[in-house]
Structures are given as C-alpha cells and as structure tokens.
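Written out below as structure tokens is the structure these notes cover.
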Amino acid sequence: MPKTNAFFANNLIQWYLQNKRTLPWRATKDPYRIWLSEIILQQTRVAQGLPYYLKFIEAYPSVKHLADAPESDVLKLWQGLGYYSRARNLHATAKMVANDMNGIFPNNYKELIKLKGVGDYTASAIASICYDHSEAVVDGNVFRVLSRVFSVSTPINSTVGQKEFKKLAQQLIDQKQPGTYNQAIMEFGARYCVPQNPNCDACIFNPHCIAFQTKTVNQLPVKIKAKPIKKRYFNYLVVISKNEKTILQQRLGKGIWHKLYEFPLVETSEKVNAKKLKTLPQFQEYTQNLKFESITLYNDEPITHKLSHQHLITQFWIIETFKEQHDFIPISKITKYAVPVLIENFVSEFFANY
DNA sequence: AAGTCGGGGTC
DNA sequence: GACCCAGACTT
C-alpha cells in the first residue's frame, strides 16, 4: 500500500502531467464546457464522445445557445451516442441555467447535483475542475485503480461498495489540486490500469499495489454480475408510396429511445413470417387504411442490433402503397429526424439510391 | 437494492 | 460472447 496519501496523489499527478492526452475540455475551466464534456463522457469512451463534444460546442457555443435550441435539434445532434436521456436532461438543464440562473452554473457540489442529469460523479467533477473544490470523483476508472492498489473486493456496483470507494477516494484526493488529481486518477485508469492485461510490470505503483503483490490484479474490481440479455423481435413497417413518401413515428412510451423516431413497429415474441405478421392486430391497425400493393421482407436474415441489456432481432418489411395519409413524410426528410442507429443503418443502406 | 437506459471498443 | 466505458434515474 502507498506509504502515505500524499505519496499516492503526488505520483499520480506527476504521472498525469507527463502522460495526459491533449483534449479540448482540458484547455478550459468554463463550467459550460466542463459540464457538457462530463455529460457526454458518462459511460462513454473519450474516442467516441470527442466528435460529439466538438459538434456541440460548434452548434452551441454557450449555455444560452443550447437553451434556445429546440429539443429535437439537440436529440438529432446526439443521435448515435446512446443513453438519450442524457440529451434530454442536458437540454432541460441548459434551459434551467440560462433562464432561472442568469446563465451562470452553480459553483458547488450541493447545488450542482440538483441539476438534471448531474449525479455524484458529475457534480464532483465540475466542482473540482472548475472551482478547485475538494470533491473526489468515483467513476469506472477510479473503482478499478483503488480496488487494485488497496485490494478492496467490495462489489463496485453495490450500495456499500459505492460508499466505501467514495470515502476512500475522498481521503486520497489532493487538497491543493483536486481537479488535476481527479483527472489524473481517471486518466491513469483509462490508459494504464486498464481492465484487461494491464502492464503491471512497468507500473509506477507496483511496489505499493496490493493486487500486484498478491497477484490478484485480474480478479479486481469485483462486480455483481448482470442478469442475462433479453431477446426482442422487431418488425418495422417501411411504408413507401408512389410519391416516395413514408411514415415515421415518435417513441413516446417508457423504455428505449424515448422521443426518437422509427418506422411503425410491430413487436412479436418470436420471429414471424409475412403470413403471420398480417394476422396481428397491430399490423392491421397500422395498415388498415393503406390498401397496400405488396409486402416484401427486406432482409432475409434478421438484423440483430445489440444493446447492453437486450438484443433486437429485427426484420424490415417493405410495404408499397398507392395511398398517402396526412402523416406521410418525404423519404428525403428522414435525415431531419433523430433516429436510433438501427434505423439510421437501414435508411442509409436501403435509401442510398433514392 | 435492483432495473433500466445505447452504442462501440476490446479481448 | 463477455466485459467495459470520465453514470444517472426510476421503481
């Protein structure tokens, strides 16, 4: 174990200053930019989030710009990043800050955590990075580094684990450079003390890392294992009129992709063929006024779209029709709507020639 | 305390 | 296929 907390913090910061990546949000203490980056990076790798950060800063240079945008624009810009509640909460908080707080972000943990989409991690990150407050962050990297160095085997996704690691992190944080320290331990976890096959032999902490000394690095951190993945069967009705129009619907219930758009969806408990599909009440409801000309299956083999907790086994049914109704939109306008990646992939492939 | 919420990278 | 990612929110 590190001899002292100061030893741990000092070495971590020293390592960080020599090895950190140059990232746009590391060149500012503007709370708007720090907040935006932290929301984008929740459960998201830097490489995946970076282009979105740049797009958002360009489209919305200030919190007021973001607040003044329609939510549909924000969701469209967020398209493809996942966990869309982040985008909805981002916009709601931007409006709150711009309209009710005179455009000025709260400057302490207690007030920051009241913002929608801002939890313990993000409030600590903003408070430490922007305002030099001693608030320790605990993200996936911190869990991993601390569990190994101090050999803490409490499950990181248990309530007691969360508290224990938060307490430990708070004891270790550098009081003079809390923001730098927080970023240092996260960077170290992301780049060195990685989940699989970390290069422990070259690690600056290996004399002090209990997991390394006891050869238990590959057993830490401990996590209560997730329940099995659910399979769902999606049938999308891709209606195409003679005037090259189609139907999109907005998802408004609970569940995935709230407020995003998709083709009319018939979900079934198993894979269905055209004959079976036509007998389903929901299919008949969608198509009762269409008097469609033909229905053909686009993909012979269902497309399996994998989410973290469910697999969407998807068939796209092409339905040609003469009739059009008020809710038809030109196919060329599909790109204006925020859609899930599953839909985006199909659209870009199928409509490539339209 | 357990479930839910995306998409992509890694091994 | 399993695990993970600069977590937060709902039930």
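In this text the structure is predicted, and so the values were computed from the model without any measurement. Convention: sequence-line order gives letters A, B, ...; per-chain numbering from 1.
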Mind checking if [X] touches a base, just sugar-phosphate, or nothing, with heavy atoms under 4.0 Å?
X: A/Val118; result: sugar-phosphate
X: A/Glu344; result: nothing
X: A/Ser37; result: nothing
X: A/Ile39; result: nothing
X: A/Trp25; result: base
X: A/Gly49; result: nothing
X: A/Gly255; result: sugar-phosphate
X: A/Asp120; result: sugar-phosphate

Nucleotide nearest [X] when distance is taken to its side chain, options [options]:
X: A/Val341; options: C/dA6, B/dG8, B/dG6; result: B/dG8
X: A/Asn89; options: C/dC9, B/dG7, C/dC4; result: C/dC9
X: A/Lys223; options: C/dC4, B/dG6, C/dA6; result: C/dC4
X: A/Tyr84; options: B/dC5, C/dG7, B/dG7; result: B/dG7
X: A/Arg45; options: C/dA8, B/dG8, B/dG7; result: B/dG8
X: A/His309; options: C/dA8, C/dA6, B/dC5; result: B/dC5

Determine whether the aromatic ring centres of [X] and [Y] lie less than 6.0 Å apart.
X: A/Phe234; Y: A/His305; value: no
X: A/Phe205; Y: A/Phe188; value: yes
X: A/Phe8; Y: A/Phe150; value: yes

In whole angstrom, give the distance that lies between atom [atom1] of [X] and atom [atom2] of [N].
X: A/Leu23; N: C/dA6; atom1: CG; atom2: P; answer: 11 Å
X: A/Arg88; N: B/dC5; atom1: CZ; atom2: P; answer: 11 Å
X: A/Arg251; N: B/dC5; atom1: CZ; atom2: C1'; answer: 12 Å
X: A/His311; N: B/dG6; atom1: NE2; atom2: P; answer: 15 Å
X: A/Lys306; N: B/dG8; atom1: NZ; atom2: C1'; answer: 12 Å
X: A/Ile40; N: C/dA6; atom1: CD1; atom2: C1'; answer: 12 Å
X: A/Lys254; N: B/dG3; atom1: NZ; atom2: C1'; answer: 12 Å
X: A/Leu342; N: B/dG8; atom1: CG; atom2: C1'; answer: 15 Å

Side chain A/Asn89, main chain A/Lys116, donor-acceptor under 3.5 Å:
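The answer is no, because no donor-acceptor pair under 3.5 Å joins these two groups.
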I'd like to know if the side chain of A/Asn182 reaches the main chain of A/Glu135, judged simply by a donor and an acceptor atom lying under 3.5 Å from each other, with no hydrogens or angles considered.
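Answer holds: yes.
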Phosphate-side-chain proximity, [X] and [N], N/O vs OP1/OP2 below 4.0 Å:
X: A/Arg86; N: C/dC9; result: no
X: A/Thr44; N: B/dG8; result: no
X: A/His305; N: B/dG7; result: yes
X: A/Lys225; N: C/dA2; result: no
X: A/Trp257; N: B/dG7; result: yes
X: A/Gln42; N: C/dG7; result: no
X: A/Gln196; N: C/dA2; result: no

Say you pick atom P in B/dC11 and the same atom in C/dA6; how far apart are they, in whole Å?
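Going atom to atom, P in each nucleotide, I get 14 Å.
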Separation of the P atoms in C/dA8 and B/dG8, to the nearest angstrom
22 Å
Would A/Gln42 and A/Tyr121 count as having a side-chain donor-acceptor pair, cut-off 3.5 Å?
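A/Gln42 vs A/Tyr121: no donor-acceptor pair found between side chains.
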Would A/Gln170 and A/Lys167 count as having a side-chain donor-acceptor pair, cut-off 3.5 Å?
no
Taking for each residue the nucleotide of DNA chain B with the nearest heavy atom, is it A/Ser85 or A/Asn157 whose nucleotide lies nearer the 5' end?
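Result: A/Asn157.
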Between A/Gly80 and A/Lys227, who's closer to the 5' end of DNA chain B by nearest nucleotide?
A/Lys227
Side chain of [X], base of [N]: donor and acceptor closer than 3.5 Å?
X: A/Arg26; N: C/dA6; answer: yes
X: A/Ser308; N: B/dG7; answer: yes
X: A/Tyr121; N: C/dG7; answer: no

Crowding at NZ, A/Lys323 (>12 non-hydrogen neighbours, <6.0 Å)
yes
On DNA chain C, compare the nucleotides closest to A/Asn182 and A/Ile113; which residue's is nearer the 5' end?
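Checking each residue's closest nucleotide, the 5'-ward one belongs to A/Asn182.
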